[in-house]
K.L.:
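Sharing a structure, written as structure tokens. Questions coming.
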Amino acid sequence: MASNGYRNGTGTNKGAIKPPASSNIRSSSFKSRLPPSSNHSTGSALRRTSSASFTTAAGGDGVPGRVRVAVRLRPRNAEESTADADFADCVELQPELKRLKLRKNNWESETYEFDEVLTEFASQKRVYEVVAKPVVESVLDGYNGTVMAYGQTGTGKTFTLGRLGEEDTSARGIMVRSMEEILANVTPETDSISVSYLQLYMETIQDLLDPANDNISIVEDPRTGDVSLPGATHVEIKDEPSFLELLRLGEAHRIAANTKLNTESSRSHAILMVHVKRSVLGEEVAIPSESDKSSHFVKPPKPLVRKSKLVLVDLAGSERVQKSGSEGHMLEEAKSINLSLSALGKCINALAENSAHVPIRDSKLTRLLRDSFGGTARTSLIVTIGPSPRHRGETASTILFGQRAMKVENMLRIKEEFDYKSLARRLEIQLDKLIAENERQQKAFDDEVERINLEAQNRVSEVERNFTDALEKERLKCQMEYMESVKKLEEKMIENQRKHQHDGFMKDKCNWEGPGFSEDIAEVKKLLEKEIHMRKEAEKEVNKLKSQLGQHMDAGAGGDAEILKLQIALEDEVHQKKKLEEEIIILRSQMLQLTFEADQMRRCLARGGSGNAYPGLDSPMSQVRDSLSGHKTPVSALFDQVGVQKILDLLESEDANVRIHAVKVVANLAAEEANQERIVEAGGLTSLLMLLRSYEDETVRRVAAGAIANLAMNEANQELIMVQGGISLLSTTASDAEDPQTLRMVAGAIANLCGNDKLQATLRSEGGIKALLGMVRCRHPDVLSQVARGIANFAKCESRASTNGIRSGRSLLIDEGALPWIVQNANNDAAPIRRHIELALCHLAQHEANAKDMINGGALWELVRITRDCSREDIRSLARRTLNSSLLFRSEMRRLRIEL
Ligand code: ADP
Ligand code: MG
């Protein structure tokens, strides 16, 4: 392919070739001056700049490449055809060898080799393909690219670069064809193209898209060396017609500007800048996560924006370099008209010779093109020449310019930026997805819980029903049998009685009827015996019935056993139901914890800051903000669902893991003011204190202390804590614990209590102040800051009480030996500690009873320092006022000759 041939530079020698007959000193000396890199670039290095290596060079150190130079010969024009009819052209082209022979005279010529030699018959399409297409392709790959046309006026620079080809599309020049290629290769939804069109004349840059803008300045990024023109108009290009319209407009403005300046376009440089911004996806990035739960987290590919710039330069006519000044131009014009062009020549010479100094800053053109020549762009130069022997000198100088440019080495560098915006967008979408998934899972979970509940209820009621039915049946059966037995017995009894009565009557009758008495007696005896027998029989029968009854009773007892069995089954069911309910609560509280963490993470992302396990203690503002926003956080919503009591019950669970889990949930809930009242009402404070008392695990203790610290922000809770023995409990924890985070929580809790006027005495008597001061053994600044806050709170309450006449005498803080630590830390490097202590000192100093101790303890010096150095004006003046209002301080200051 033509473009590949050009890119890979199949020629072996990029310098001038010595003509066989006469040795050309200049060209041979050029050859010898080739820099080493330039020499080897003809072989392997050239292959490195093929399109494959362009695309794989992303983010690397850059790819070296040489400026590619093509020469194009214009056909003879009408005038030349007649005027030079008898003369041969001053050049002879050998395109297949990529060589050009410049005739010296009829028998001598010099041969030069270029990257491409384009004859007068070369089509615009071929010119584009060999000169510009590789550059445009690399611009699409994210590199900067430059195409320049250099040559004498009238040799076809504008023809090559700027023709619009409106009637005949085959005549379109490099500008239109480049844009066509770019538009065909970008994705309109994600990529953007914008264009600036400028003219550089007499070291002034004019905006061809906005003629009023006639002095644009060049801005160079000192870090990257990137050159930009922030003042220039940038027009977004969506399609080819709009680009053609823009070129037409630019050309019209160029003509108008040149008319106004009384000049012609050949004296100015026209510069078209095409800015291409493309979105590309880089490698996938792992999103750091706090736990391995995120294993299902999809890692989005790294989004990148590649910004590149294509610069197309139609240079001023090269004859100006020599001729300016000599043709009667105004002095000013002569000096600066082609300052830029000659500076370009000087820079190319310096670069070609690998000279240490390249005079880039000498002109606007070279500053603009600093990253095109010897910079970090892919650059093509097309030198245009005419055939006329009359202009042999101009043609020779143009050719030499091209030859020198061939030795200039560039470093290609891709420009990629990390697209944070689109990453943030992706993460937001991801977060949304996760939240939706979370909600979906929760719903499924709730449904499952409901289903299990229903099933358990159904089973329980079925068992109950069966049991009642069976019991009723059994009862009825027993009753019937019993009644039947009783009936039978009664019948038997009645029959017996009847028989008995009849026998008695017969006996009486005998007694009253006289002579056969002994016979009667025997008869009666017989009857009696019979009677006895029958009685015995009846008794037997009764016994039998009795035993039957007993049996029936036993049968009843069997029914009881059945009932017992059923009862056990029922209890079992109830127990299982209770266990299921407990599992539900644990799962819900786990869900609560997870949602809380997700919530935290989301806030953290929104804030762009770092997470905090106990937001309540350190960021009351975040609470305020959340509660002000009026939305329930997912945590609170879940909290409502599960119910505070159930969560608190878990604090007493037999399972240690459940307890730890539950205390974390309670602490997180306690961090939100809205939940505190409910927690306390449901006995949460008592449970938390209990956990602190039955210290079993550092985590439990730390988290419980954190929750108590949060609850202790509320005045009513502070008194409750005192009533429930919380102060001595916190004091014990303060002296036992070693973990700085636990100490920080405990110190925070005590510091909150110190701010309550009613608790002052108890705090002292139950060891609260001692405990607070004792915690300074842990030098962690967070702990020290809480201690300092507690001291300031306490001193403030005391000074309030003294002012109101409620208390007198020395401060309890001084009694407890706090003064040395206070004085030592009054100038602590950590601002929060210093601030609390400064306030504490001012409060202590307000009460005359403290003055003597303060003077002896060195606190006066600190107070004086505060009046001078403290960064807060209100504290400075408070200290000054306090010192001035104390007799003792005043006299001591007089003695020490201190003036405020
Ligand atoms: P320049 O911009 O270098 O001053 P132009 O591009 O204006 O030169 O060309 C001068 C004239 O020569 C124009 O009329 C142009 O149409 C003509 N011309 C230039 N190059 C060619 C070419 N390769 N084939 C035909 N005509 C050309
Ligand atoms: Mg021109």
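Because the structure is predicted, anything quoted here is derived from the model rather than measured. Quick note: numbers below take in every heavy atom, side chains included, and nothing from hydrogens, waters or symmetry partners. Nothing fancy with the numbering, it's 1 onward along the sequence. Atoms within each ligand, like the ligands themselves, are counted from 1 in listed order.
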K.L.:
How long is the gap from CG on Leu344 to NE2 on His269, to the nearest 0.5 Å?
P.N.:
8.0 Å
K.L.:
Between Thr366 and Ser363, do the side chains contain an N or O donor and an N or O acceptor separated by less than 3.5 Å?
P.N.:
yes
K.L.:
Which distance, rounded to the nearest 0.5 Å, do you find between the CG of Leu244 and the CE of Met179?
P.N.:
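Interatomic distance, Leu244 CG to Met179 CE, rounded to 0.5 Å: 9.5 Å.
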K.L.:
Using a 4.5 Å cut-off on heavy atoms from C-beta on, say whether the side chain of Arg163 contacts that of Ile174.
P.N.:
no
K.L.:
Does a salt bridge link Arg390 with Glu80, judged by any charged N lying under 4.0 Å from a carboxylate O?
P.N.:
no
K.L.:
Can you produce the list of protein nitrogen or oxygen atoms under 3.5 Å from a nitrogen or oxygen of ligand 1, alongside each distance?
P.N.:
from: ligand 1; atom 1: 2 (O); to: Thr158; atom 2: N; distance (Å): 2.9
from: ligand 1; atom 1: 2 (O); to: Thr158; atom 2: OG1; distance (Å): 2.7
from: ligand 1; atom 1: 3 (O); to: Gly154; atom 2: N; distance (Å): 3.4
from: ligand 1; atom 1: 3 (O); to: Thr155; atom 2: N; distance (Å): 3.4
from: ligand 1; atom 1: 3 (O); to: Gly156; atom 2: N; distance (Å): 3.1
from: ligand 1; atom 1: 3 (O); to: Lys157; atom 2: N; distance (Å): 2.9
from: ligand 1; atom 1: 3 (O); to: Lys157; atom 2: NZ; distance (Å): 2.9
from: ligand 1; atom 1: 4 (O); to: Gly154; atom 2: N; distance (Å): 2.7
from: ligand 1; atom 1: 6 (O); to: Thr158; atom 2: N; distance (Å): 3.3
from: ligand 1; atom 1: 6 (O); to: Phe159; atom 2: N; distance (Å): 2.7
from: ligand 1; atom 1: 8 (O); to: Gly156; atom 2: N; distance (Å): 3.0

K.L.:
Identify which one of Arg99, Lys98, Arg66 satisfies the salt bridge (charged side-chain N to carboxylate O under 4.0 Å, His left out) criterion when paired with Asp115.
P.N.:
Arg66
K.L.:
Specify whether an N/O/S atom of Thr153 falls short of 2.8 Å from the Mg ion (ligand 2).
P.N.:
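Thr153 does not place any N, O or S atom closer than 2.8 Å to the Mg ion (ligand 2).
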